[in-house]
A.B. asks: 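The following block contains the structure, expressed as structure tokens.
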Amino acid sequence: MGSDRLNAAGSAPSAPRPIPPGQRHVHGWPVSHYGPVPRFRPERWNLRVFGATATGDEHTWTFDDLTVLPRTTVVADLHCATGPTSTDHEWYGIPAAAVLNLVPPAPDVTHVMAWAEYGYAANLRLADFTTPETLLATHHNGEPLTAEHGFPLRLVVPHLYGYKSPKWLRAIEYLTADRRGFWEERGYHNIADAWKEQRYSYQEQEGDGPTLPTS
Ligand SMILES: Nc1nc2c(c(=O)[nH]1)N[C@H]1C(S)=C(S)[C@@H](COP(=O)(O)O)O[C@H]1N2
Ligand SMILES: [Mo]
């Protein structure tokens, strides 16, 4: 736990990270998602980058191809928009910004759609996707991700609510106009900044997202 960790000097407790407004700390790491846990079939698995790439071509990596990509470690908390925050996750994986370096987007790309198995998707502003803390994680606390937490690959966007961190990631689509993902078209906030408590779509301001159908 944050409160009994030692600092670099090994003598005094380090300050725990604050958690966003309206969140409650939960012990352990609950599993939370919609639908079943997919089975990983390495021979069929790939990670696709498609949409508005600079060349117009899509790019795919097999699971083995991922091993040559750059890696980084990020320690962060995970905030579910329904309230629970689980803390001190050490994620290891590919910085999302590296994807943009390796497969450059067209100049007019403003957003990405992160696609997971079974059609789950989350849209992100390019700036949220490229923050240094955003990564395509393969490992958690030094071990490969477990199936229920997203093995073999999940996106992690620590400053946004958990629904912006798709487990079982399969593709990144470059968008030249914003489009809502799975929860974003079902009542959840299009941007989802946990520190601004952007939970629900009714809180959206002009410009926060594509117009929702009104009833
Ligand atoms: N593919 C997929 N990824 C998903 C979800 C989902 O339903 N499907 N749920 C999201 C939500 S709402 C949260 S809070 C986090 C929870 O991650 P965890 O189960 O690793 O705690 O996963 C996110 N990623
Ligand atoms: Mo969530």
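Keep in mind that what you see is a predicted model, and the values were worked out from it rather than measured. All residue numbers in this chain count up from 1 along the given sequence.
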A.B. asks: How would you list, by chain and number, every residue that makes a side-chain hydrogen bond (donor to acceptor under 3.5 Å, both in side chains) with Glu197, sequence neighbours excluded?
C.D. replies: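 Glu197 satisfies side-chain hydrogen bond (donor to acceptor under 3.5 Å, both in side chains) with Arg199 once adjacent residues are dropped.
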A.B. asks: Identify whether Leu78 and Ile19 are in the same connected component of the hydrophobic contact network (ILVMFWY, side-chain heavy atoms under 4.5 Å).
C.D. replies: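 Each belongs to a different hydrophobic cluster.
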A.B. asks: State yes or no: do Trp168 and Leu47 share one hydrophobic cluster built from I, L, V, M, F, W and Y residues joined by side-chain heavy-atom distances below 4.5 Å, directly or via other members?
C.D. replies: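 No; tracing contacts between hydrophobic side chains, which count when under 4.5 Å, never links both residues.
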A.B. asks: Sequence neighbours left out, cut at 3.5 Å: what donor-acceptor pairs do the side chains of residues 153-161 make with other protein atoms?
C.D. replies:
| residue | atom | partner | partner atom | Å |
| --- | --- | --- | --- | --- |
| Arg154 | NH1 | His149 | O | 3.2 |
| Arg154 | NH2 | Ser165 | O | 3.3 |
| His159 | NE2 | Asp128 | OD1 | 2.8 |

A.B. asks: Can you confirm whether or not the ring centre of Tyr200 sits under 6.0 Å from the ring centre of Tyr202?
C.D. replies: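 Under 6.0 Å, so yes.
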A.B. asks: Can I get a per-line list of side-chain donor-acceptor pairs under 3.5 Å for residues 29-43, giving both atom names and the distance, sequence neighbours left out?
C.D. replies:
| residue | atom | partner | partner atom | Å |
| --- | --- | --- | --- | --- |
| His33 | ND1 | Lys167 | NZ | 3.1 |
| His33 | NE2 | Gly35 | O | 3.3 |

A.B. asks: For residues 65-77, tabulate all N or O donor-acceptor pairs below 3.5 Å that involve a side-chain atom, not counting sequence neighbours.
C.D. replies:
| residue | atom | partner | partner atom | Å |
| --- | --- | --- | --- | --- |
| Asp65 | OD1 | Thr62 | OG1 | 3.3 |
| Asp65 | OD2 | Thr62 | N | 2.8 |
| Asp65 | OD2 | Thr62 | OG1 | 3.2 |
| Thr67 | OG1 | Asp64 | O | 2.7 |
| Arg71 | NH1 | Thr138 | OG1 | 2.9 |
| Arg71 | NH2 | Leu66 | O | 3.1 |
| Asp77 | OD1 | Arg17 | NE | 3.4 |
| Asp77 | OD1 | Arg17 | NH2 | 2.8 |
| Asp77 | OD1 | Asp88 | N | 2.9 |
| Asp77 | OD2 | Arg17 | NE | 3.2 |

A.B. asks: Below 3.5 Å, can you tabulate the donor-acceptor pairs from side chains in residues 93-117 to any protein atom, sequence neighbours excluded?
C.D. replies:
| residue | atom | partner | partner atom | Å |
| --- | --- | --- | --- | --- |
| His111 | NE2 | Asp178 | OD2 | 3.4 |
| Trp115 | NE1 | Glu173 | OE1 | 3.0 |
| Glu117 | OE2 | Arg170 | NH1 | 3.1 |

A.B. asks: Side chain to side chain contact (heavy atoms under 4.5 Å, CB included) between Tyr92 and Asn141: does it pass, once the steps are laid out?
C.D. replies: CA-CA 8 Å; Tyr92 175 79; Asn141 291 359; over 6 Å; no
A.B. asks: State which residues pass side-chain hydrogen bond (donor to acceptor under 3.5 Å, both in side chains) with Asp208; sequence neighbours excluded, sorted by chain then number.
C.D. replies: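 None.
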A.B. asks: Looking at Leu126, is its backbone amide N or carbonyl O close enough to the side chain of Thr130 to form a donor-acceptor pair, meaning the two atoms are under 3.5 Å apart?
C.D. replies: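 Pair found, side chain donor or acceptor close to backbone of Leu126.
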A.B. asks: Can you say whether the rings of His140 and Trp91 are parallel (under 30°), tilted (30 to 60°) or perpendicular (over 60°)?
C.D. replies: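 Geometry flag for Trp91 against His140: perpendicular rings.
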A.B. asks: In Å and rounded to the nearest 0.5 Å, what is the OG1 to OH distance from Thr53 to Tyr174?
C.D. replies: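 OH of Tyr174 is found 8.0 Å from OG1 of Thr53.
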